[in-house]
Amino acid sequence: MHVYFSHSYRDVAINSYFLRHFIREDIPLFADQKSAIWCVAKLERYMFETRGFISVIPRRVTEKEAVAYSQYIGHELNLARRARIRRLLFVDEQVLERYELDFPEDAVSFNPIEPDRDSERHIAAITAFRKSINTSSNTLRNVRCRNQATVVVDDGAAIRNLAEDVCELLRRERFEVRQVLTSRRSRALDDIRLLETLWRSELCVFILGERLSDTHITLAMAHSHCIPSVRLQFDKRATDCAPSLTGLIHWQSASDALIEFKRQLTSFRRGFVEPIEIAKGSNVVEAARSVGTTQWEPTKQDLWDSQDGPALLNHVYPGDPLVQDQVNRIKRELRKSLGTDRSRPFSMQVCRSLYDGLKHHKFVYEVEPQIGLDPGIQKIRPPSLIEQSQAATCIDLACLFASLLEAANQNPLILVLGGGGFSHALVGYRALDEPAMHSNSNLGDIRGALQRGDVVLFETTGVVEAEAPVGVEHQAQRQDKLLDFMDAKEAATRFIGQTEAHLLHVLDVVGLRQQKTA
Amino acid sequence: MTSPVQTYQSEMHGNLGFFATWLPGDPIEIGDIGIFEAGRFRRMLSLKELGIKYKTEPAGSMLDVQYASTKGTTINAPIAANIKSIAKANITIDFSSAGAFVFHASKMQPHRLENRMAVADQILKIYQRKKWEKSWLLVEAIYTAKCATVIVAEESSAQLVLAAKGGDIVNSLSFSDPKVGLSIVSTRGKLFQMIGGKDLQPLYSCLRLEAPFFGKPSVQPVRGVGENASVLEFSRPSIDELLKS
């Protein structure tokens, strides 16, 4: 008997508050370890395998709305409602007031600043929920067969070819596969044996053609019963295979679709994590952080030996599509070809525009766990993974900014600093009329360059949401968990000025590239 | 072996990233041209003398700084509560290693060469006329200080006792506040001292123009610029270069 815990990974403080209560009431929670893959089939499986659903829904500030909430949590709630499992919702009081009809009537409000103010009400709701799940049951769970997969396939050669490959991949994962071919003449809506087949399946895969067909109707039936499903929709206009919020994967290239299907299958197979058990072994804050840290498998290219400063250059990707998109955006904003103006004010303008642009994405700060890595080896996310996981560490961001600045014809600098048991990465640029920095430059050189204005540095994590200061910025400087550019700049300068700081690496990206080509 | 002056210069460079003038009261200006010699900048001529026009501008904000060497300096001042009521207070500074120092400066302001690219173009022309030496350094930034006190121990045991007007030193223990009115009571051992010096340039930084600028004194395209522009091949001398000169 377990309960699925739906929550916003980035709101560690409020999650910790509720985790404390859940521990007291001994609610056995399952949660989805944060990953870069959005897999609706896995969430549907979770709904299937748990007896209840608890959601903590905090306020989220977006570009358009000061009061909003995560659409992903909203989708999880819809899945739970569709699965008809017991639920308990704690919703930020402002969110509940503004979006009352999005939530069932039994939602319980909380104040994010002083949640303890309503702790009695919260405890009462948790106690009642605890009692209710003891008596609930999921009838569909009893008919489901482990390792049975059903692939429902539309008409069309390309679709049927992809279906064969999907079936093969499923077989390799030890699934017993049943393929169902539909056409516009089949009567899926009335086919009770088809519905029972769906109920029995651990996983269904729908390979949909462009025109509405019985495959779509079968998917609708599975959807309404919250049956774990991967939805592959053929679409001639598809540009990538990223799944939508509802889990629909648009594809036009079968090979791309297969790659995404493999990712979905890997994610689907992944187990729950148990935040209460983690908290018992550490504490609630650590548990909330641990579940909310993106799990990802690095390739060799994503690993950096932290003793090798110049090797950071391998993690600077000025040609990356995300990087190019950002740089093209600022070209339009500044209405100027980058590189024609070599003045210091223009370099500052470019840097600030890049910073503000990235800030709008509302990525979140994460600390990369050093699990499974050799000592001194650090994982660095490439830009695409930062975008997918919506999260980054200081070194990820330093490399991303270096990529952006280089693509914008500036001279990026990455600094890795240590001192007092910490290490931290800062980023910035040197003015275009300033000589390149040597890799053996010391902190004094950096301090002097900052004073002269030859170098501008900023706190990289200022663009990502963090509940507590990451560098030496003041808590008050983080407005809605983010830093303004000027505050990020001030924080970096203060970091450099600390007596206990010491410089581990300085990477002058353009200088180093020139050296390598010389 | 590191000399006391080298220790002072090395640590000040670590603190602020500028070279410390030696002697601290020696004048130095943006546009000065010279070389490092025996741990100091020896001025030879200036941009002005070469007929090169340049502009300077303040860089960064004004600040008061107080540094002491990382080891070997102990400052003993009377407890604040006790000196408010007395007219004069004695402050004892003990130095226990050669090179130990105290550097206090008020209203420090960095200034820098503003039109560096234009200056480089003019230097290029002078180079082509064989009137620019490769070893020359150009002072392109300085710190000015309204008031500064610099004390450097030149041997491993030294002491300086200063008298200050009581109430004025209570809050900051600043040796560069003109209101404090410092005077020397006694000294022991060999010390360099400049107490309350006015309108100084205690710190500077410089650039060298070098190969391939000198190897190819020509106009080449600059990255990201469609048209030709001069390549700025500046480099910055390191602190080691100054210390080993």
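Residue numbers start from 1 in every chain, and the chains themselves are labelled A, B, ... in the order their sequence lines are given, proteins ahead of strands. Atom set for the values below is all heavy atoms of this structure, side chains included, hydrogens, waters and symmetry mates excluded.
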Are the side chains of A:Arg344 and B:Glu114 in touch, meaning some heavy atoms are under 4.5 Å apart?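 Not touching, per the 4.5 Å side-chain cut-off.
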Tell me, do A:Asn442 and B:Ile239 make a side-chain contact under 4.5 Å, heavy atoms counted?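 When only atoms from C-beta onward are counted, B:Ile239 and A:Asn442 do touch, with a gap below 4.5 Å.
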Given the options A:Gly453, A:Ala449, A:Gly448, which has more heavy-atom pairs under 4.5 Å with chain B than any of the others?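 Ranked by heavy-atom pairs under 4.5 Å with chain B, first place is A:Gly448.
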Heavy-atom distances under 4.5 Å only: say whether B:Leu203 touches chain A with side chain, backbone, both or neither.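 Neither part.
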Any residue meeting side-chain hydrogen bond (donor to acceptor under 3.5 Å, both in side chains) with A:His315, in chain and number order, not counting sequence neighbours: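 With sequence neighbours excluded, A:His315 shows a side-chain hydrogen bond (donor to acceptor under 3.5 Å, both in side chains) to no residue whatsoever.
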Just verifying a value: how many Å separate B:His13 NE2 and A:Leu443 CG, rounded to the nearest 0.5 Å?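 With rounding to 0.5 Å, NE2 (B:His13) is 10.5 Å from CG (A:Leu443).
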Reported CD-to-CD distance for the pair A:Gln451 and B:Gln109, which is rounded to 0.5 angstrom: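 With rounding to 0.5 Å, CD (A:Gln451) is 9.5 Å from CD (B:Gln109).
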Which region of A:Asp454, side chain (C-beta onward) or backbone (N, CA, C, O), has a non-hydrogen atom less than 4.5 Å from a non-hydrogen atom of chain B, or is it both or neither?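 A:Asp454 touches chain B through side-chain heavy atoms alone.
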Step by step, work out the side chain to side chain contact (heavy atoms under 4.5 Å, CB included) result for B:Arg236 and A:Met437. CA-CA 9 Å; B:Arg236 284 197 179 276; A:Met437 286 230 148; over 6 Å; no
B:Ser61, B:Ser238, B:Gly14, B:Pro110: which one forms the most heavy-atom pairs within less than 4.5 Å of chain A?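 If we count pairs closer than 4.5 Å to chain A, B:Gly14 comes out on top.
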Would A:Arg452 and B:Phe18 count as a cation-pi pair here, with the cationic atom under 6.0 angstrom from the ring centre and within 45° of the axis?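 Output yes; distance and angle both within limits.
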Steps toward side chain to side chain contact (heavy atoms under 4.5 Å, CB included) verdict (A:Asp433, B:Arg116): CA-CA 7 Å; A:Asp433 59 357; B:Arg116 198 192 280 181; 4.1 Å; yes
Can you tell me if [atom1] on [X] sees more than 12 non-hydrogen neighbours from other groups inside 6.0 Å?
| X | atom1 | answer |
| --- | --- | --- |
| A:Gln475 | CD | yes |
| A:Lys359 | NZ | yes |
| B:Lys107 | NZ | no |

